[in-house]
Amino acid sequence: MYVTLYSTYVYQPARSIRGPQSALTDFLASQNISAARIRADAQARREAAAAANPESNTPAAEQPEQAGEEEDGSDDVVSGTSAAAAARRARDQKRRKQEEAIEKIKKSKAYKKRKRFLNSDEEDDDSLALALFNEKMTPLPGQMANCEMCGKRFTVTPYSRSGPEGGLLCNPCGQKLAKDEDANKKQKKKRVPAPKGGMGRRKIQSRILDGTYDIGAKPLVTLCIETLAKNIHLADDIGDLPLPVIDRIARLLSKTRLLNSRTLDLFLQPHHDDLKVYDAAKLNSDDFIKIFQLIPRLKKLKLRNAIQFTDRVMQYLTSRNMSLESIYLHGANLLTEDVWAEFLTQKGVHLKELQVYYTDKHVSDKTIDTVSNMCPNLTRLKICHNQEVSDEGIMFIAKLNKLEHVGLQLMKKTTTDPYIHVVQNIGRQLQTFSIRKVSDVDDRLLDAIHENCVSLSKLRITDSEFMTDAGFARLFRGWKNKPLSFLDLQKCRHVDAANPRSNEHMVGLCSQGFEALMEHSGTGLRYLNIHACRNIPRHTFEKVFANDKTYPQLRYLEISFCENITDFIVGCIFRSCPNVKEVNVFGCMKVKDVRVPRGKLLVGVPNAVGMRIEGVDDASD
Amino acid sequence: MMSDAPEVSKYVTLVSSDGFEFVLLREAVMISSAIKGMLDPKSQFAESRTGRCVFEEINGIVLEKIAEYCQYWYKYKDSPNVPDMDIPVELCLELLQAADFLGLDRQA
């Protein structure tokens with residue numbers, strides 16, 4: 001359109017220059033219709049209508065203003081009496097003033113704001129402007145007005161409320177109105193969440209992340225335990241419930257931090273030989289001693305957050321005629337090295353399991369030495385988040401020749417050799433080998449595991465910055481060990497802040513290592529964690545989770561921050577792993593929109609929905 | 001029902017120690033592994049023939065709650081967002097024991 005216009009302008013230079021024309025004007029011009037013509041037609045029509053029935057009043061909306069004024073003028077002539085005319089003129093003047101004021105209001109900022117807020121359409125414009133006008137005309141504080149509801153005269157204050165029709169209300173009426181509104185609001189609030197039932201979206205997502213999300217009703221036992229835990233203050237005795245149920249009650253109480261001296265008594269049954277306290281933070285030293293007094297036959301003790309498990313408690317335990325087989329202590333920082341040594345020397349022969357978590361100073365290399373000399377029957381040793389044990393301590397572990405499960409998470413830097421020493425000496429019978437945060441440990445350990453370990457079912461090596469793809473491939477190729485059921489190699493990858501993209505020496509778990517591990521253990525794996533092994537290429541994933549491969553045991557897969565995971569690969573994973581419950585894909589930016597089979601979880605998709613489960617989607621849509 | 005033909009009745013009866021009877025959908029009581037075992041035609045128990053399960057250790061009040069739970073479970077079998085059933089506090093321990101006995105401790 002514009003082009004043709006321009007060309008006519010070029011060929012007819014005499015034509016006067018105008019501003020831009022609208023498309024409608026152009027269209028009308030092409031139909032030979034002009035604005036002047038329309039105006040003339042309308043005028044003619046109006047005159048014709050006026051001539052046809054001069055008595056009838058056409059509706060105001062259709063009547064142009066000028067015509068209205070003319071009519072008013074003619075009315076003036078007809079009515080004649082000057083007094084009435086004067087009154088009418090005064091009223092007209094007032095009305096005109098009001099109209100002007102309204103026009104002004106319509107241009108004002110406040111009006112536009114309010115209009116945007118109400119989002120009203122064109123028809124409401126006038127009424128809105130009128131309301132604003134009336135508002136301006138309402139009496140100011142200190143003036144008198146009549147109440148809109150009861151009609152009484154009262155003094156306006158800044159707190160006077162406006163009634164439903166815009167007028168002001170006297171104080172009693174205003175209060176009554178406020179009360180009614182409050183009641184309405186409360187009713188509405190109550191009504192909204194009720195029909196939803198169950199829990200909200202937030203709660204559901206929280207349970208998905210906790211891994212406690214399931215379809216269908218909760219088991220009755222769970223419901224009862226939850227009710228019991230909520231009302232534990234009413235219970236005197238939990239009676240003769242089976243152990244697993246008691247354990248679940250204990251867990252739930254600890255979760256809500258309800259376990260204290262009083263509720264502890266419920267769990268101290270003299271005929272039991274097993275006690276698990278998941279949150280002992282509120283217990284004092286005397287409570288711990290009470291445990292040993294009331295349960296003389298105790299064999300297995302598990303205490304988390306046992307801060308007040310002090311020297312005094314341990315000395316009491318050492319002096320009693322008790323033979324604990326399993327100790328799990330978490331956070332017992334007040335126990336000194338000497339008392340540990342004393343206990344281990346006296347009671348170490350009976351110990352089969354020793355697990356110590358979160359200690360800063362007092363479980364040291366010396367303590368491990370004592371363990372290796374005094375606890376010949378130890379099958380499980382776990383030392384986590386320890387700030388004292390170093391390479392020297394690890395060497396002592398090699399002396400424990402009945403050990404089957406080793407778990408270490410040491411805060412001091414450790415080297416490869418002590419671990420190799422352990423694996424060479426006791427690797428043959430090891431079922432669990434778990435070392436965390438071992439940044440300096442290299443391929444030689446993998447080779448040692450390949451040569452010595454034949455009964456491993458759980459293997460964890462995390463955060464290694466030196467192990468290479470070739471090392472992992474050598475470990476898994478032709479390994480005499482049966483397939484692993486638990487494997488965690490998270491963050492075994494190349495780290496170089498200056499040159500993060502290149503990985504020339506194939507550091508970390510990459511293509512060959514991953515293929516070899518799935519080849520060896522794929523059939524038995526239940527848990528696989530390759531979090532942040534980011535150099536595994538896309539085609540390897542596609543090959544490993546190809547059409548003809550199935551991994552029937554796999555329940556849990558953690559592939560977060562593996563950069564090359566795509567929607568297609570996640571789909572392949574769900575196809576190849578029919579029993580998988582949960583797949584974590586945090587930070588896999590190429591995962592966008594995957595169809596998740598019903599009953600399975602995909603956690604951490606990087607979009608606004610975050611994570612989802614099929615079935616929920618269907619229900620909400 | 002008296003014949004040897006496979007159970008045709010859609011309903012089963014649970015009887016409490018004090019003689020209260022609760023008639024329930026057969027599918028609904030299948031959540032309880034214990035009752036499921038009793039009603040299994042292969043088990044040769046008397047219950048599998050008559051469709052009547054008598055519980056000498058469970059009284060009427062508790063069994064009523066159990067029956068209510070079975071229906072509740074059946075109703076919400078496949079729904080993802082289930083409101084919790086109300087458990088009266090005074091019944092809690094008895095009900096917990098009965099639920100444990102009947103094997104109501106895991107999702108189907």
Side-chain angles (χ1 to χ4, degrees), chain A residues 193-205 207-208 212-249 252 266 581 596 598-599 601 612-621, chain B residues 14 16 22 24-25 27-37 53 55 57-108:
Chain A
K196 267 183 109 181
M199 38 197 180
R201 189 198 74 89
R202 205 187 144 85
K203 185 91 186 159
I204 292 175
Q205 294 298 347
R207 284 185 60 189
I208 288 176
T212 53
Y213 185 86
D214 279 304
I215 286 174
K218 283 184 196 168
L220 184 55
V221 171
T222 308
L223 288 170
C224 287
I225 289 174
E226 280 170 5
T227 315
L228 185 61
K230 255 183 243 162
N231 299 287
I232 198 73
H233 57 280
L234 299 172
D236 300 322
D237 185 8
I238 47 175
D240 213 7
L241 291 168
L243 271 180
V245 174
I246 290 182
D247 190 50
R248 288 180 63 185
I249 298 171
L252 207 59
L266 299 172
K581 285 289 280 184
V596 184
R598 191 178 171 81
L601 296 174
R612 62 175 203 177
I613 175 173
E614 187 132 313
V616 175
D617 275 355
D618 293 342
S620 64
D621 285 347
Chain B
L14 308 185
S16 73
F22 302 92
L24 285 164
L25 263 179
E27 275 178 78
V29 299
M30 286 305 151
I31 178 62
S32 158
S33 52
I35 301 179
K36 191 178 178 184
C53 303
F55 297 101
E57 317 80 355
I58 303 177
N59 66 34
I61 302 169
V62 174
L63 196 62
E64 184 187 2
K65 239 3 194 181
I66 301 268
E68 188 188 329
Y69 175 79
C70 290
Q71 292 293 357
Y72 158 84
W73 170 80
Y74 186 68
K75 180 180 169 194
Y76 291 107
K77 216 171 164 189
D78 292 318
S79 29
N81 191 6
V82 184
D84 280 352
M85 193 175 93
D86 197 35
I87 308 280
V89 178
E90 64 279 6
L91 273 184
C92 194
L93 273 177
E94 277 181 277
L95 194 58
L96 183 52
Q97 254 164 345
D100 186 65
F101 171 72
L102 292 173
L104 294 171
D105 56 352
R106 75 191 60 152
Q107 241 125 9

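Treat the numbers as computed from the prediction; the structure is a model and nothing was measured. Numbers restart at 1 for each chain; the letters A, B, ... are given by sequence-line order, proteins then strands.
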Over all atoms of both residues, closest heavy-atom pair of Cys224(A) and Cys92(B):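 That closest heavy-atom pairing would be O-SG, 3.1 Å.
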Minimum-distance pair of heavy atoms, taken over all atoms of Arg248(A) and Asp105(B):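 In this case the closest contact between Arg248(A) and Asp105(B) is NH1-O, 4.2 Å.
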Atom pair CG (Asp86(B)) and OG1 (Thr227(A)), whose distance is rounded to the nearest 0.5 Å: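 If I round to the nearest 0.5 Å, the distance is 7.5 Å.
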Spatial distance of atom OH (Tyr72(B)) from atom CG (Leu223(A)) [nearest 0.5 Å]: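 So the OH of Tyr72(B) and the CG of Leu223(A) are separated by 5.5 Å.
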Any side-chain heavy-atom pair from [X] and [Y] closer than 4.5 angstrom?
X	Y	result
Glu226(A)	Asp84(B)	yes
Leu220(A)	Ile87(B)	yes
Asp78(B)	Arg598(A)	yes
Pro219(A)	Leu104(B)	no

CA sep, side-chain torsions, deciding dist, call: Leu241(A), Gln97(B), side-chain contact (heavy atoms from CB on, under 4.5 Å): CA-CA 7 Å; Leu241(A) 291 168; Gln97(B) 254 164 345; 3.5 Å; yes
Top contributor to chain B interface from Leu234(A), Leu228(A), Thr222(A) [non-hydrogen pairs under 4.5 Å]: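 Counting heavy-atom pairs under 4.5 Å, the top option is Leu228(A).
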Which of Leu93(B), Leu96(B), Leu91(B) touches chain A most, by non-hydrogen pairs under 4.5 Å: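 Counting heavy-atom pairs under 4.5 Å, the top option is Leu96(B).
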For chain A, the option from Tyr69(B), Tyr74(B), Tyr76(B) that forms the most heavy-atom pairs under 4.5 Å: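 Of the options given, most contacts go to Tyr69(B).
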